[in-house]
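These notes are about the structure you will find just below.
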Amino acid sequence: MSLYNDKGQRHGYWELFYVKKNYHHGILHGKYEYYYDKEKTKLFGRGHYDMGEKVGLWILNNRDGNTYRKTFHI
């Protein structure tokens, strides 16, 4: 799914190959998830963006599904 606003900017929910993400007038904003596989069954990492800036807790997993890194962004 790929949506654009009237100015041709990415807007709304996007799902491409290994990534699920959200845009607000061309800027990453909202939930962000990326995967090891195209089927999106093995989560690599997840977090949130606030108008292009990473915010809150970001979690990275290895291929076995075990968490190996947690970072918090203010």
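Using a cutoff of 4.0 Å between basic side-chain nitrogens and carboxylate oxygens, Lys40 and Glu33 are not scored as salt-bridged.
For the side chain to side chain donor-acceptor pair (under 3.5 Å) test, no residue two or more places apart in sequence or in another chain qualifies with Lys42. Contacts of Lys20 classified as salt bridge (charged side-chain N to carboxylate O under 4.0 Å, His left out), with partners at least two apart in sequence or in another chain: none.
Among residue pairs with one or both ends in residues 47-64, those qualifying as side chain to side chain donor-acceptor pair (under 3.5 Å) are Asn61-Thr67; sequence neighbours excluded.
Around OH of Tyr68, the count of heavy atoms belonging to other residues, nucleotides or ligands within 6.0 Å exceeds 12.
Hydrophobic clustering (ILVMFWY, side-chain heavy atoms < 4.5 Å, transitive): Val55 and Phe72 are in distinct clusters. Residue Leu28 is grouped with residue Trp14 when hydrophobic side chains (ILVMFWY) are merged at heavy-atom distances under 4.5 angstrom, including chains of intermediate members. Linking Ile, Leu, Val, Met, Phe, Trp and Tyr whenever their side-chain heavy atoms come within less than 4.5 Å puts Tyr36 and Val19 in one cluster.
Thr71 contributes atom OG1, which lies 9.0 Å from atom CD1 of Ile59 (distance to the nearest 0.5 angstrom). How far NE2 of His11 is from CG of Asn22: 10.0 Å, rounded to the nearest 0.5 Å.
Ring geometry for His24 against His29 counts as tilted: the plane angle lies between 30° and 60°, on a 0 to 90° scale.
Closest approach of Lys70 to Leu57, counting heavy atoms only: CB-CD1, 4.0 Å. The shortest heavy-atom contact between Lys21 and Tyr32 is CB-CD1, 3.5 Å. Heavy-atom minimum distance, Tyr18 versus Lys38: CE2-N, 3.4 Å. Closest heavy-atom contact between Leu43 and Tyr34: CD1-O, 3.5 Å.
Residues Tyr4 and Arg10 meet the side-chain proximity criterion, which asks for heavy atoms closer than 4.5 Å. For the pair Phe44/Tyr35, no side-chain contact is recorded, criterion being any heavy-atom separation below 4.5 Å from C-beta on.
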Give the intermediate values and the outcome of side chain to side chain contact (heavy atoms under 4.5 Å, CB included) for residues His25 and Lys7. CA-CA 8 Å; His25 300 294; Lys7 296 179 182 174; over 6 Å; no
